[in-house]
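So the structure is just underneath, and the comments pick up after that.
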Amino acid sequence: MSTDVPAGDGRPEVIPSEVDPDVECVRTDLAEAGAGAPPPDISGPPPSGASSAVRGRRLCPEGYTPRTRRRHYTLDGKRVVTGFPPVPNPEPPPERPEPPEPGAPPPGTGQTS
């Protein structure tokens, strides 16, 4: 295994991509070590909907290889599935203001009826 960066240099093993929130960057020396299957090739340009400031930027800094971000949880639709029962929020919900009466001017407009 050839690497340009020493393994014990104190860099984090995985960092988030500054360009794409769905990508994380793995140190190249760890990716070359073959921890599992090789990462998918996602090193192409960002999606066409990306802003012009993002286009042309690399997904990962030098010494890191891009891979699709892994979730450390399971989803059932929008619910996070855990092996534990649900825990209620210890804080009461915030108080909501009363809705205005029908036909009343919107609040903050300075209009009175």
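Just so you know, these numbers come straight off a predicted model, no measurement behind them.
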| query | Does Glu13 have any salt bridge (Lys or Arg N to Asp or Glu O under 4.0 Å) partners at least two apart in sequence or in another chain, and if so, which? | reply | none

| Hey, what do you get for CD (Glu24) to OG1 (Thr68), rounding to the nearest 0.5 Å? | 8.5 Å

| Pairs involving residues 73-94, ordered by first then second residue, that meet salt bridge (charged side-chain N to carboxylate O under 4.0 Å, His left out) (sequence neighbours left out) | Asp76-Arg79

| query | Quick one: side-chain contact (heavy atoms from CB on, under 4.5 Å) partners of Pro16, sequence neighbours excluded? | reply | Arg69

| request: Go through the structure and list residues passing side-chain contact (heavy atoms from CB on, under 4.5 Å) with Pro12, not counting sequence neighbours. | output: Ile15, Tyr64

| query | Is any side-chain heavy atom of Pro66 less than 4.5 Å from a side-chain heavy atom of Ser17? | reply | no

| field | Residues that, via side-chain heavy atoms closer than 4.5 angstrom, fall in one hydrophobic cluster with Leu75 | value | Tyr73, Val80

| side-chain contact (heavy atoms from CB on, under 4.5 Å) partners for Phe84, two or more places apart | Thr82

| task | Output yes when a side-chain donor or acceptor of Arg27 lies under 3.5 Å from a complementary backbone atom of Arg11, and no otherwise. | result | yes

| query | Hydrophobic clusters join Ile, Leu, Val, Met, Phe, Trp and Tyr when side-chain heavy atoms are under 4.5 Å apart, directly or via other members; which others share one with Val81? | reply | none

| query | Among pairs that include at least one residue of residues 93-106, which meet salt bridge (charged side-chain N to carboxylate O under 4.0 Å, His left out), considering only residues two or more places apart or in two chains? | reply | none

